[in-house]
Amino acid sequence: MDSVLKGKHIVLGITGGIAAYKSVTLLRLLVKAGAEVQVVITPAGKEFITPVTLSALSGKPVVSEFFTANTGEWHSHVDLGIWADLMVIAPATASTIGKMANGIADNMLVTTYLSAKEHVMIAPAMDLDMMAHPSTVRNLATLESYGVEIIEPAAGELASHLVGKGRMEEPENIFSRIEKYFLSQCDLKGKKVAITAGPTYEKLDPVRFIGNYSSGKMGFALAEECASRGADVTLVCGPVSLVTTNPNIVRVDVESAEEMLAAARQPFAEADFGIFAAAVADYRPEVRAQSKLKREGAEDMTLRLVRNPDIAATLAATKRDGQVFAGFALETDHEHENAFKKLHKKNLDMVVLNSLQDKGAGFGTDTNKITILSKDGTEKTFPLKSKRAVAADILDLMCSFK
Ligand code: C5P
């Protein structure tokens with residue numbers, strides 16, 4: 001069976017402590033389990049372990065500076081922060097812990113931490129007196145309050161030959177904590193999920209259609225996230241240029257809203273979780289011409305459109321007890337009011353609101369910024385994240401309705 005780490009994106013931060021040599025073992029364990037690891041090292045870290053060893057093992061150039069000296073290539077901590085499913089800093093020195101707790105972003109590692117959208121773990125390593133100093137204790141408490149998971153150092157003989165608390169946890173144990181973290185996210189084993197995604201194309205004639213700019217990225221990210229949590233996923237999608245990678249996803253390609261509804265009926269009837277992420281055309285041409293429409297010298301042309309079925313409203317109308325259905329709303333005005341209306345009108349459990357006013361949110365982007373409105377009247381706003389991380393937030397909330 002594949003490790004839960006397979007395909008996971010992990011940023012491994014290494015700082016300047018003698019325990020840095022143990023990070024090589026951790027890196028090897030992560031890579032062996034199928035994770036993609038990007039090492040970010042502080043300048044002091046390079047005094048303890050060579051970047052060549054780390055890039056050879058991770059298969060990626062190690063990042064340390066903001067720029068590569070000879071090429072001038074910029075390394076984006078923001079991109080790395082969005083890319084990462086998890087950031088682990090091992091060893092974490094008193095200095096790095098202090099910088100993280102106080103936002104002193106003077107190196108690539110701390111800037112990446114400040115940009116990280118997902119879970120962060122640190123494995124402190126330092127001398128016993130440094131570990132016990134009130135400033136370290138306070139900084140660790142601050143980081144904990146920010147949601148950082150602290151992997152407590154063990155007691156034992158330290159590099160200084162003093163004996164006490166400060167020895168970095170063994171790489172095998174850090175690896176287990178990482179596995180445990182990802183396992184705790186896998187809460188969809190044996191569950192069925194149905195998802196609609198992408199645009200619909202409504203044909204005018206054999207060569208033209210009415211469509212929209214939906215890329216399908218959000219729906220596909222949801223499908224991948226559900227499948228990686230062990231669910232059996234049916235993804236009914238309109239015309240998109242995306243591919244699915246997880247074998248737990250059964251993909252059904254359709255073109256029009258009517259085809260989408262027909263293909264979605266059974267999967268949604270059987271699903272534990274249903275997500276309507278498609279941008280369905282509200283109207284279709286009344287007549288679909290059999291041959292190409294001609295200009296015939298006319299200066300204008302009138303198209304008569306008729307209403308398409310509302311797939312979400314149709315399928316959620318017969319929602320059973322225990323089924324949890326979510327829809328999306330992309331609003332320009334009175335966002336909350338309209339989204340709440342939609343929630344009730346379509347009999348959904350939650351509506352994911354993307355605002356066109358938010359940069360990086362909505363169609364075509366790799367990121368999204370959402371607010372989730374739930375049928376119990378609560379709403380939760382999330383920061384800008386990768387669509388995959390947004391998918392995880394949506395699923396975590398859907399699971400809480402079960
Ligand atoms: O009414 P509106 O289009 O804003 O609602 C958006 C939500 O309803 C989305 O979840 C979308 O997938 C779904 N929808 C649908 N069928 C339609 C229109 C919208 O499933 N015809």
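For ligands, and for the atoms within them, numbers begin at 1 and follow the listed sequence.
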Quick test: of every protein heavy atom, which one is nearest to [atom], and how far off is it to 0.1 Å?
{"atom": "atom 20 (O) of ligand 1", "answer": "Ala312 N, 2.9 Å"}
{"atom": "atom 16 (N) of ligand 1", "answer": "Ile311 N, 2.9 Å"}
{"atom": "atom 8 (O) of ligand 1", "answer": "Lys346 NZ, 3.0 Å"}

Of all the atoms in ligand 1, which lie at a distance below 4.0 Å from a heavy atom belonging to [X]?
{"X": "Ala278", "result": "11 (C), 12 (O)"}
{"X": "Gly327", "result": "10 (O)"}
{"X": "Val280", "result": "15 (C), 16 (N), 17 (C), 18 (C), 20 (O), 21 (N)"}

Under-4.0 Å heavy-atom contact with ligand 1, by part of Ala279 that carries it: neither
Can you label the angle between the Phe268 ring and the Phe325 ring as parallel, tilted or perpendicular, going by 30° and 60°? perpendicular
Give a yes/no verdict on whether any heavy atom in Asn308 is under 4.0 Å from an atom of ligand 1. no
Judged by non-hydrogen atoms, does Pro309 sit under 4.0 Å from ligand 1? yes
Are more than 12 heavy atoms from other residues, nucleotides or ligands located less than 6.0 Å from atom CD of Gln290? no
Is the shortest side-chain N to carboxylate O distance from [X] to [Y] below 4.0 Å?
{"X": "Asp232", "Y": "Lys191", "result": "no"}
{"X": "Lys292", "Y": "Asp205", "result": "no"}
{"X": "Glu36", "Y": "Lys8", "result": "no"}
{"X": "Lys99", "Y": "Asp106", "result": "yes"}

Between Tyr283, Phe325, Phe328, flag the one that comes closest to atom 9 (C) of ligand 1 by a heavy atom. Phe328
Hey, does the side chain of Glu259 reach the backbone of Thr200 with a donor-acceptor pair shorter than 3.5 angstrom? no
Asn338 side chain to Asp333 backbone, donor-acceptor under 3.5 Å: yes
Under 3.5 Å between some N or O of ligand 1 and some N or O of Ala329? no
Has ligand 1 got any nitrogen or oxygen that is less than 3.5 angstrom from a nitrogen or oxygen of Lys342? yes
